[in-house]
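FYI, side chains are in, hydrogens and waters are out, and symmetry mates aren't considered; it's all heavy atoms of this structure. Since we're looking at a predicted model, the values are computed, not measured. Note on naming: letters A, B, ... go to the chains in the order of the sequence lines (proteins, then strands), and numbering restarts at 1 for each one.
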Amino acid sequence: MTTVAIAGTDVAERIKAAFPDSVIEATEASVTVPAERVVEVARFLRDDPELDCKYLNCLLGVDWLEHFDVIYVLSSLAKNQTLVLEARTSHDEPVVPSVSGVWQGAYLQEREVYDLMGISFSGHPDLKRIFLWEGFPGHPLRKDFLALPGGYKPGLQRFPFEFPEGQRSYPNLTQPDGPQAPSVPRLVGPLPGQAAAEETSGGQLGVRGGGSTETRTGQTDVTAAPEQPDARAEPEGEPPA
Amino acid sequence: MTELHTPPYVVNIGPQHPSTHGVFRLRVTLDGERIIDAEMVLGYLHRSMEKLAEERTYTQNIPFTDRMDYLAAMTGNLGYCLAVEKLANIEVPERGSYLRVIFAELQRLASHCMANGTFVNDCGAWQTPLMYMFREREKILDLFEMTCGARLTTNYMRIGGVAFDVPDEWYPGISSLMGEMPDRISEYEEMLLDNEILLVRARDIGVLTPERAINASASGPLLRGSGIAWDVRKADPYCVYDRFDFDIPVGHQGDCFDRFIVRLEEMRQSVRIIQQALEQLPGGPVSSPVPLALRPEPGEAYARIESPKGELGFYLVSDGGPAPYRWHVRSPSFINLSVLKDLSVGLSLADAIVILGSLDINVGEIDR
């Protein structure tokens with residue numbers, strides 16, 4: 001006996017039959033609905049006798065930079081089947097209606113997502129931070145909440161012992177025009193003062209032998225960058241409306 | 001006699017308190033001795049593992065899973081490695097899967113020893129049963145030490161298998177332990193099942209109905225104590241659990257005592273699984289080669305196992321890079337706390353301690 005994963009496309013058909021125009025996207029793995037419809041869809045999935053999603057396995061938020069997804073892994077213990085529901089909300093004002101009235105198990109998990117990801121759950125009976133203290137600046141699991149001042153991080157490179165993509169031998173790092181380890185796509189934009197440095201060296205932090213003095217100078221500039229990301233400048237303890 | 005009412009007042013249990021099993025704080029509002037409100041204050045052990053994991057490779061993240069539920073590091077390792085294997089389509093050699101099962105079940109024995117020992121401790125059977133159970137737990141940790149050098153934070157499982165094969169001196173150690181374990185469990189039962197301290201404190205206290213257990217996403221012994229025969233090892237077998245013959249113990253009333261006897265019976269079933277696995281243990285490699293800087297295809301995967309505390313799940317999102325884009329843990333200790341307030345309101349302060357003990361929480365896993 002193995003748990004059957006119901007295809008998101010099949011679930012989408014059923015949801016569409018009950019609530020037309022409420023499915024944004026349906027793949028084999030999951031079905032995505034707009035955030036404002038999630039409670040009625042959740043109640044439908046729970047009470048539908050064939051889907052019977054009485055058990056909420058887990059609830060998490062994912063920051064996709066242009067929007068947030070709240071992912072609900074649901075299952076039916078009686079029928080031993082599982083499905084994944086996603087609710088999509090905007091990045092600027094992330095609000096998702098709370099499903100803690102549908103599944104009590106969502107109560108603590110929604111507080112966790114609110115605390116660490118900054119997604120507000122409207123209708124939640126007691127929405128406040130759970131792991132961090134009230135007044136903590138920002139929400140750490142957001143991709144723009146980063147370790148370096150200015151909101152940038154070097155990120156993971158290809159490793160010194162790893163061949164760069166499409167290459168079969170180690171690059172000769174002593175030659176300035178030899179092949180270099182490729183840079184990792186950045187999240188926000190080029191570092192101030194780094195774009196020029198990269199054109200010449202192509203290296204970044206964390207690559208042994210790669211990276212030049214110019215790059216390091218560029219990194220020093222970052223720490224002095226006047227612009228701070230929004231997450232850090234958020235007023236203390238104020239949940240997004 | 002009319003009931004005497006006092007103005008409500010607040011008592012802080014914890015964060016440093018022997019009954020909270022870690023740095024966990026419970027603020028209870030009392031009317032006399034009755035609880036009228038209970039609020040958890042969490043985060044004293046929050047290390048932000050989910051964020052840290054986004055900057056490390058898949059292999060570098062394995063030690064984090066040791067430090068979540070530090071009383072069950074092997075199952076933490078296992079759940080995470082299974083999730084990465086599901087994400088990247090990696091096969092595990094058969095001997096590796098068998099060793100994973102054996103060590104996961106040994107860990108379940110050790111964790112249940114700890115859970116039951118501290119639970120009866122909370123009930124008032126002070127220290128003696130705990131010391132009996134620590135005697136067996138100690139032997140299990142010795143077996144871990146022989147194999148991977150560590151007793152608590154084992155870091156033993158790897159993506160694609162396990163880190164080391166077992167040494168020669170491990171075989172006599174585990175067979176003698178498995179030979180004596182059924183007698184030891186009988187000894188616990190003899191000592192505790194008729195124990196008046198335990199019966200008076202735990203019977204009919206903190207009753208969780210099956211409907212509420214499902215609605216509150218309870219899992220593990222908490223769910224099975226309420227009479228629902230749901231075990232991920234049976235319902236959705238991972239590794240090689242489908243090759244073993246074992247039962248799912250369930251409770252009837254859903255009270256604290258039922259959770260306790262479910263854990264005791266699960267220890268018996270774990271011994272059965274280990275004995276069968278040792279008989280069937282095949283030869284061959286324990287691990288398949290996996291690049292250290294693993295880059296799974298972009299996608300998402302949710303894998304779950306039955307850890308001693310309940311359903312431990314990992315939801316991983318990959319963007320094709322060497323580090324996970326999102327690393328989420330469905331931690332059973334955390335989600336099982338959903339019912340704590342409902343179970344304790346209306347009871348006395350001393351009962352709340354017993355209920356908390358019967359949930360078998362681990363603060364490292366709650367806060368992550």
From CA spacing to verdict: side-chain contact (heavy atoms from CB on, under 4.5 Å), B:Asp236, B:Tyr238 | CA-CA 6 Å; B:Asp236 193 9; B:Tyr238 49 93; over 6 Å; no

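- Of the residues considered (A:Asp63, A:Ile130, A:Asn80, A:Asn57), A:Asn57 shows the highest number of contacts with chain B, using heavy-atom pairs under 4.5 Å.
- The pair B:Arg368-B:Glu50 meets the salt-bridge criterion, since a charged nitrogen lies less than 4.0 angstrom from a carboxylate oxygen.
- In this structure, A:Trp64 and B:Tyr325 have parallel ring planes: the angle between them is below the 30° cut-off, well short of the 60° mark.
- Contact of B:Asp242 with chain A is not made at all, since no heavy-atom distance falls under 4.5 Å.
- Distance alone, capped at 3.5 Å, is enough to place a donor-acceptor pair between the B:Gln269 side chain and the B:Asp247 backbone.
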Stepwise salt bridge (charged side-chain N to carboxylate O under 4.0 Å, His left out) test for B:Arg224 and B:Asp258 = CA-CA 9 Å; B:Arg224 290 191 283 277; B:Asp258 273 356; over 6 Å; no

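- Heavy atoms closer than 4.5 Å to chain B are found in the backbone of A:Val102, but not in its side chain.
- Between A:Gly105 and A:Leu56 the shortest heavy-atom distance is C-CD2, 4.1 Å.
- Using a 4.5 Å cut-off between heavy atoms, B:Leu52 makes no contact with chain A at all.
- For chain A, the option among B:Ile214, B:Leu42, B:Asn215 with the highest count of heavy-atom pairs below 4.5 Å is B:Asn215.
- Of the residues considered (A:Ala106, A:Gly61, A:Ser100, A:Ser30), A:Gly61 shows the highest number of contacts with chain B, using heavy-atom pairs under 4.5 Å.
- There is no side-chain donor-acceptor pair under 3.5 Å between B:Asn362 and B:Ser333.
- Contact annotation for A:Asp115: neither backbone nor side-chain heavy atoms come within less than 4.5 Å of a heavy atom of chain B.
- For the set A:Leu77, A:Val4, A:Thr2, the count of heavy-atom pairs under 4.5 angstrom toward chain B peaks at A:Leu77.
- Neither the backbone nor the side chain of B:Tyr44 comes within contact range of chain A; no heavy atoms are under 4.5 Å apart.
- Remark: side-chain polar atoms of B:Arg47 are paired, donor with acceptor, to backbone N or O of B:Arg67 under 3.5 angstrom.
- Only the side chain of B:Glu300 comes within contact range of chain A, with at least one heavy atom under 4.5 Å from a heavy atom of that chain.
- Taking A:Val84, A:Asp126, A:Thr82, A:Ile71 one by one and counting their heavy-atom pairs under 4.5 Å with chain B, the maximum is reached by A:Ile71.
- Contact of A:Leu59 with chain B is made through the backbone alone, with heavy-atom distances under 4.5 Å.
- For B:Leu337, the parts lying under 4.5 angstrom from a heavy atom of chain A are both the backbone and the side chain.
- Residues of residues 41-55 of chain A placed with any heavy atom under 4.5 Å of a heavy atom in chain B are listed by number as A:Arg46, A:Lys54, A:Tyr55.
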Apply the test side-chain contact (heavy atoms from CB on, under 4.5 Å) to residues B:Ile361 and B:Leu340: give CA-CA distance (whole Å), side-chain angles for both, the deciding distance (0.1 Å), then the verdict.
-> CA-CA 11 Å; B:Ile361 57 162; B:Leu340 178 64; over 6 Å; no

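- Of the atoms belonging to B:Glu311, it is side-chain heavy atoms, and not backbone ones, that fall under 4.5 Å from chain A.
- A donor-acceptor pair under 3.5 Å links the side-chain atoms of A:His124 to the main chain of A:Tyr107, judged by distance alone.
- If you measure heavy-atom distances from A:Leu132 to chain B, the contacts under 4.5 Å come from the side chain alone.
- B:Arg304 and B:Ser219 are not linked by any side-chain donor-acceptor pair at a separation below 3.5 angstrom, with hydrogens and angles left out of the test.
- Classification of the A:Phe68-A:His91 ring pair by plane angle, with boundaries at 30° and 60°, yields parallel.
- Counting heavy-atom neighbours within 6.0 Å of B:Glu91 CD, excluding the residue itself, gives a total of 12 or less.
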